Peer 1: 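Before anything else, here's the structure in question.
Here the structure is a predicted model, which is why all the values come from computation and not from measurement.
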Amino acid sequence: MSETSPLKNQLPLRANRKYEMKQDGCLLQLLIKDLKPEDGGSYYCQVGGSETSASLTVTELLPSFKKELQSVEGEEGGSTSLYCELSKPPPPGVLVQWRKNKLPLRANRKYEMKQDGCLLQLLIKDLKQDDSGSYSCQVGGAESSANLTVKELPPSFKKEVQSVKAEEGGSASLSCELSKPPQPGVLVQWRKNKLPLRGNRKYEMKQDGCLLQLLIKDLKPEDGGSYACQPGVLVQWRKNKLPLRANRKYEMKQDGCLLHLLIKDLKPEDGGSYACQWRKKPAATERQQEV
């Protein structure tokens with residue numbers, strides 16, 4: 001019996017894990033396993049002086065997600081990563097696109113995109129509240145998405161209140177600096193001997209970004225004591241039970257413990273039920289000093 005010789009692109013093939021050659025009487029078979037694009041080509045079967053050939057075309061499949069993105073939480077000021085794993089590395093010409101809320105992201109100081117074979121990573125640095133949202137990774141026609149939630153950290157004291165000495169009849173100023181400005185609606189509370197203070201002729205409370213100041217006027221001996229600054233009371237103005245935001249229409253002011261809502265350019269539809277709600281924030285920061 002003549003020897004059978006299978007070839008690919010005129011090169012002889014040998015039976016191994018890739019190629020299995022079978023013969024059942026007059027039927028000859030070449031089984032090609034674990035197909036890859038490079039397996040495409042011309043295959044020949046030679047028996048004695050006879051030869052037959054055919055072509056194999058392998059349609060390349062785009063990568064799919066072996067492991068999907070998972071939702072994560074991160075702390076304000078920190079970093080976090082989103083990971084996913086593909087079924088195979090992206091072929092040349094197939095781009096990996098990261099998106100936030102459907103808008104494409106670019107690598108910069110904020111975002112770092114990494115790829116190690118099939119593993120894809122998006123590193124998000126210096127987390128802020130507005131980094132929360134829906135993130136997605138697109139590769140070809142495949143897409144995976146997950147949510148990032150950034151936990152807000154309460155302001156901490158960058159510079160604490162310092163003890164001061166002042167003369168009767170004069171004025172004294174206590175100041176401190178926060179790590180970040182209080183969020184809109186967060187009330188800053190000054191206290192004397194644990195009792196809240198109100199803005200009046202005696203006390204003037206000021207805020208300039210992260211800098212907080214208490215000005216005590218017309219000093220008397222009884223003004224001596226322990227003064228404390230505590231940011232951490234959430235204030236919410238509502239109209240007909242719906243929350244309001246500061247804008248051209250609404251201006252929200254604070255003078256010590258006194259809260260104002262200024263409604264501008266009044267129209268008939270501005271009529272309704274208005275409410276001011278407040279609640280203490282958990283883990284509020286407080287600093288105190290003697291005067």
Peer 1: Got a sec: does the NZ of Lys110 have more than 12 other heavy atoms crowding it under 6.0 Å?
Peer 2: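 Above 12, so yes.
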Peer 1: Looking at Leu219 and Ala166, what are the two nearest heavy atoms and their distance?
Peer 2: CD1-CB, 3.2 Å
Peer 1: To the closest 0.5 Å, what do you measure between CG (Leu211) and SG (Cys176)?
Peer 2: 7.5 Å
Peer 1: Heavy atoms, side chains only, cut-off 4.5 Å: are Tyr111 and Leu123 in contact?
Peer 2: no
Peer 1: Identify the heavy atoms of Leu62 and Gly141 that sit nearest to each other, and give their distance.
Peer 2: CD1-N, 4.2 Å
Peer 1: Within the structure provided, determine whether Val188 and Cys229 are in side-chain contact (heavy-atom separation under 4.5 Å).
Peer 2: yes
Peer 1: Is it true that the side chains of Ser144 and Glu68 contain a donor and an acceptor less than 3.5 Å apart?
Peer 2: yes
Peer 1: For Val164 and Ala172, which heavy atoms make the closest approach, and how far apart are they?
Peer 2: CG2-CB, 4.4 Å
Peer 1: Working to the nearest 0.5 angstrom, can you tell me the gap between Lys151 NZ and Glu75 CD?
Peer 2: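 The distance works out to 6.5 Å.
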Peer 1: Do Ser53 and Ser42 have side-chain N/O donor and acceptor atoms under 3.5 Å apart?
Peer 2: no
Peer 1: For a quick check under 3.5 Å, do Tyr83 and Gln70 share a side-chain donor-acceptor pair by atom type?
Peer 2: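 Looking only at side-chain atoms, Gln70 and Tyr83 do not form any donor-acceptor pair under 3.5 Å.
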Peer 1: Between atom CG of Asn147 and atom CG of Asn101, what is the distance when rounded to the nearest 0.5 Å?
Peer 2: 9.0 Å
Peer 1: About how many Å separate OG of Ser81 and CD of Glu112, when rounded to the nearest 0.5 Å?
Peer 2: 8.5 Å
Peer 1: With sequence neighbours left out, write down each residue that passes salt bridge (Lys or Arg N to Asp or Glu O under 4.0 Å) with Lys239, or none if nothing qualifies.
Peer 2: none
Peer 1: Dump the intermediate steps for side chain to side chain contact (heavy atoms under 4.5 Å, CB included) on Tyr227 and Val161, then the final yes or no.
Peer 2: CA-CA 9 Å; Tyr227 288 80; Val161 179; 5.9 Å; no
Peer 1: Quick one: are Gln97 and Leu95 in side-chain contact, heavy atoms under 4.5 Å?
Peer 2: no
Peer 1: Would a 4.5 Å heavy-atom cut-off, applied to side chains only, mark Glu76 and Lys180 as touching?
Peer 2: yes
Peer 1: Indicate if Leu61 and Val139 have the same hydrophobic cluster label, given that clusters are the connected sets of ILVMFWY residues with side-chain heavy-atom separations under 4.5 angstrom.
Peer 2: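 No, no single cluster joins them.
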Peer 1: If you draw a 6.0 Å radius around CD in Glu167, do more than 12 non-hydrogen atoms from other residues or ligands fall strictly inside?
Peer 2: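 Result for CD/Glu167: open.
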Peer 1: Name all residues meeting the salt bridge (Lys or Arg N to Asp or Glu O under 4.0 Å) criterion together with Lys102; count only those two or more places apart in sequence or in a different chain, and write none if there are none.
Peer 2: none
Peer 1: Which heavy-atom pair separates Pro63 from Pro89 by the least distance, and what is that distance?
Peer 2: CG-O, 4.1 Å
Peer 1: Whether the side chain of Ser145 engages the backbone of Ser136 through a donor-acceptor N/O pair (distance < 3.5 Å, no angle test) should be reported.
Peer 2: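 Here the side-chain-to-backbone pair does not exist.
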Peer 1: Is there side-chain contact between Leu261 and Met252, with heavy atoms separated by less than 4.5 Å?
Peer 2: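 Counting from C-beta outward, Leu261 and Met252 do come under 4.5 Å.
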Peer 1: Are the side chains of Asp223 and Lys202 in contact, using a 4.5 Å heavy-atom criterion?
Peer 2: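 Yes, close enough: below the 4.5 Å cut-off.
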Peer 1: Say whether, by atom type as modelled, one donor and one acceptor occur between the side chain of Ser64 and the main chain of Ser87 under 3.5 angstrom.
Peer 2: no
Peer 1: Working to the nearest 0.5 Å, report the span between CG of Asp218 and OG of Ser171.
Peer 2: 8.0 Å
Peer 1: Do the non-hydrogen side-chain atoms of Glu60 and Pro91 ever get within less than 4.5 Å of each other?
Peer 2: yes
Peer 1: Among the clusters formed by ILVMFWY side chains lying less than 4.5 Å apart, do Leu244 and Ile263 turn up in the same one?
Peer 2: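 Looking at the clustering, Ile263 is in the same group as Leu244.
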Peer 1: Do Arg238 and Pro243 come within less than 4.5 Å of each other through their side chains, counting heavy atoms only?
Peer 2: yes
Peer 1: Tell me the closest heavy-atom pair linking Leu127 and Gly74, and the distance in Å.
Peer 2: CD1-CA, 3.9 Å
Peer 1: For Asp116, is the CG atom crowded, meaning more than 12 foreign heavy atoms sit under 6.0 Å from it?
Peer 2: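 No.
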Peer 1: I need the Ile216 CD1 to Leu197 CG distance, nearest 0.5 Å.
Peer 2: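 Answer rounded to 0.5 Å: 7.5 Å.
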Peer 1: Any idea which heavy atoms bring Gln207 and Leu212 closest together, and the distance?
Peer 2: CG-CD2, 3.5 Å
Peer 1: Return yes when atom NZ of Lys88 has more than 12 non-hydrogen atoms of other residues, nucleotides or ligands closer than 6.0 Å, and no otherwise.
Peer 2: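 Atom NZ in Lys88 is crowded, with more than 12 foreign heavy atoms closer than 6.0 Å.
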